[in-house]
Amino acid sequence: MKIDNSVIVDFPLRGEWVSPNTPGKKIPSHGTEQFGQKYAFDFLQIDWGKKGMPFFNTNRLQYFFFGVPLNKCYCWGKEVYAPCDGRVVQIEDGYKERHIVHLVSDLFFVFKNALTINPKKDGLQHVVGNYIIMECQNNVFAFFAHLQKNSISVSIGQSVKKGQIVGRVGHSGNSTAPHLHFHLMDSNDLLTAKGIPCAFREYDLFQDGEWKIVYEAVPSDKDRIRFNG
């Protein structure tokens, strides 16, 4: 599908991905328009061949009872790419990641933040983790959140080219599994920004047992997608 008036950008990752939270399923995709995320995506990698399609390379009992180390999660540390030419206008890095991914403790962290954190007073890193904001064009800004600690490879004011590596997928902030949160918005101020719909210029969709190229599209939450640049 494609949302009317979408800004077309390149897919910001490489390899196979799924988007459990996407405007291809519902709008607002995260249940809120706060922080400009009305049309936001979450991307993570899973094992399509295993029961339950886990995002980690270990057994489910370990995940539920003891937790899974970050390096056992498929997409942790994968490169994030600029989806367009632009300029970096804001970065925040150095925020710690929880080294173990555990459903109960991660949900507790998310709910605690929701109840106790005041973004205006306490800042946004508790919620969004390590992040980048880049200006793609006039009044169109790309936002990348939950990045790996100390992985951001660009600096404020730097011009970037489409396809340039800007950071790595992480587990910082309000994250229940390593993933990339990505969206477009109309301002670099997360507290006042409004979301802008976007579609991806092209990617591969696994459908009816084969890969097919789709253009200017938005994935649904069940789509198995792939992009290799």
Side-chain angles (χ1 to χ4, degrees), residues 1-30 35-46 48 74-75 78-91 131-147 151-154 158-170 179-188 193-229:
M1 66 167 287
K2 178 183 174 184
I3 302 166
D4 290 343
N5 302 315
S6 293
V7 174
I8 308 302
V9 296
D10 275 15
F11 195 72
L13 298 157
R14 303 292 183 266
E16 287 189 30
W17 298 84
V18 65
S19 182
N21 298 309
T22 165
K25 177 184 180 182
K26 67 175 184 178
I27 299 171
S29 58
H30 287 59
F35 308 137
Q37 60 181 333
K38 181 175 182 178
Y39 304 100
F41 299 86
D42 286 336
F43 294 110
L44 74 159
Q45 291 184 318
I46 60 176
W48 294 89
Y74 296 119
C75 70
K78 293 297 178 68
E79 294 90 350
V80 177
Y81 298 81
C84 55
D85 293 344
R87 182 176 62 89
V88 177
V89 296
Q90 193 174 144
I91 61 171
Y131 68 90
I132 300 170
I133 300 176
M134 62 174 287
E135 186 174 18
C136 297
Q137 52 185 272
N138 287 340
N139 301 315
V140 177
F141 297 83
F143 178 63
F144 313 80
H146 309 301
L147 300 176
S151 73
I152 295 176
S153 56
V154 292
Q158 180 178 341
S159 295
V160 296
K161 292 293 186 181
K162 181 174 64 177
Q164 180 177 337
I165 296 172
V166 296
R168 293 179 180 270
V169 175
H179 71 286
L180 175 68
H181 175 105
F182 173 81
H183 69 254
L184 299 184
M185 54 191 182
D186 66 357
S187 168
N188 65 346
K194 297 187 185 323
I196 295 175
C198 78
F200 299 108
R201 194 176 317 280
E202 66 175 87
Y203 57 85
D204 299 329
L205 173 65
F206 193 74
Q207 194 173 59
D208 300 324
E210 62 181 1
W211 290 101
K212 302 176 181 179
I213 301 177
V214 295
Y215 298 96
E216 297 188 359
V218 172
S220 78
D221 61 317
K222 299 294 192 300
D223 285 349
R224 181 179 179 179
I225 61 176
R226 180 181 71 181
F227 184 68
N228 292 316

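Just so it is clear, the model here is predicted, and its values are computed rather than measured.
Ser29 places a side-chain N or O within 3.5 Å of a backbone atom of Ala40 that can act as its donor or acceptor partner. Using modelled atom types, one side-chain atom of Ser19 and one backbone atom of Asp42 make a donor-acceptor pair closer than 3.5 Å. Looking only at distances, no side-chain donor or acceptor of Gln37 sits under 3.5 Å from a matching main-chain atom of His30. The main-chain N or O of Pro219 is found under 3.5 Å from a side-chain atom of Thr22 such that the two form a donor-acceptor pair. No donor-acceptor pair closer than 3.5 Å links the side chain of Glu16 to the backbone N or O of Gln45.
Remark: Leu13 CG to Phe227 CZ distance equals 10.0 Å, nearest 0.5 Å. Interatomic distance, Arg14 CZ to Glu79 CD, rounded to the nearest 0.5 Å: 9.5 Å. With rounding to the nearest 0.5 angstrom, the OG atom of Ser153 is 7.5 Å from the CD atom of Gln158. For the atom pair CZ of Arg87 and CZ of Phe141, the computed distance is 7.5 Å after rounding to the nearest 0.5 Å. Here the CD1 atom belonging to Ile8 is positioned 9.5 Å from the CZ atom belonging to Phe200, to the nearest 0.5 angstrom. Rounding to the nearest 0.5 Å gives a distance of 7.0 Å between OG of Ser187 and CE of Met185.
The shortest distance between side-chain heavy atoms of Val214 and Gln207 does not fall below 4.5 Å. At least one side-chain heavy atom of Tyr39 sits less than 4.5 Å from a side-chain heavy atom of Ile27. Considering only heavy atoms from C-beta on, Pro12 stays 4.5 Å or farther from Phe41 through its side chain.
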Go through it in stages, so that I can follow the logic: the residues are Trp17 and Cys75, the test is side chain to side chain contact (heavy atoms under 4.5 Å, CB included), and I'd like the CA-CA distance, side-chain angles, deciding distance and then a yes or no. CA-CA 9 Å; Trp17 298 84; Cys75 70; 3.5 Å; yes

Could you give me the CA-CA distance, side-chain angles and deciding distance for Ile213 and Trp211, then say whether side chain to side chain contact (heavy atoms under 4.5 Å, CB included) is met? CA-CA 7 Å; Ile213 301 177; Trp211 290 101; over 6 Å; no

For Leu147 and Leu180, what are the C-alpha separation, side-chain angles and deciding distance, and is it a side chain to side chain contact (heavy atoms under 4.5 Å, CB included)? CA-CA 7 Å; Leu147 300 176; Leu180 175 68; 3.9 Å; yes

Decide side chain to side chain contact (heavy atoms under 4.5 Å, CB included) for Gln137 and Val7; before the verdict, give the C-alpha distance in whole Å, the side-chain angles of both, and the deciding distance to 0.1 Å. CA-CA 10 Å; Gln137 52 185 272; Val7 174; 4.0 Å; yes

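Residues His181 and His183 bring a donor and an acceptor atom of their side chains to less than 3.5 Å of each other.
In this structure, Lys212 places its NZ atom where more than 12 heavy-atom neighbours from other residues, nucleotides or ligands lie under 6.0 Å away. Heavy-atom neighbours of Asn5 CG from other residues, nucleotides or ligands within 6.0 Å: at or below the threshold of 12.
Taking the six-membered ring for Trp and thresholds of 30 and 60 degrees, Phe11 and Tyr203 have ring planes inclined between 30 and 60 degrees apart.
Across Val218 and Pro23, no two heavy atoms sit closer than the pair CG1-CG, 4.1 Å. Lys161 and Ala82 get closest at one heavy-atom pair: O-CB, 3.6 Å. In this structure, Ala142 and Cys136 approach most closely via the heavy-atom pair CB-SG, 3.8 Å.
For the pair Arg226 and Phe206, the cation-pi criterion (under 6.0 Å, within 45° of the ring axis) is not fulfilled.
Phe144 pairs with exactly one of Ile91, Val169, Ile132 by the side chain to side chain contact (heavy atoms under 4.5 Å, CB included) rule, that one being Ile132.
The existence of a salt bridge linking Arg201 and Asp10 is confirmed by a sub-4.0 Å separation between a basic side-chain nitrogen and an acidic carboxylate oxygen.
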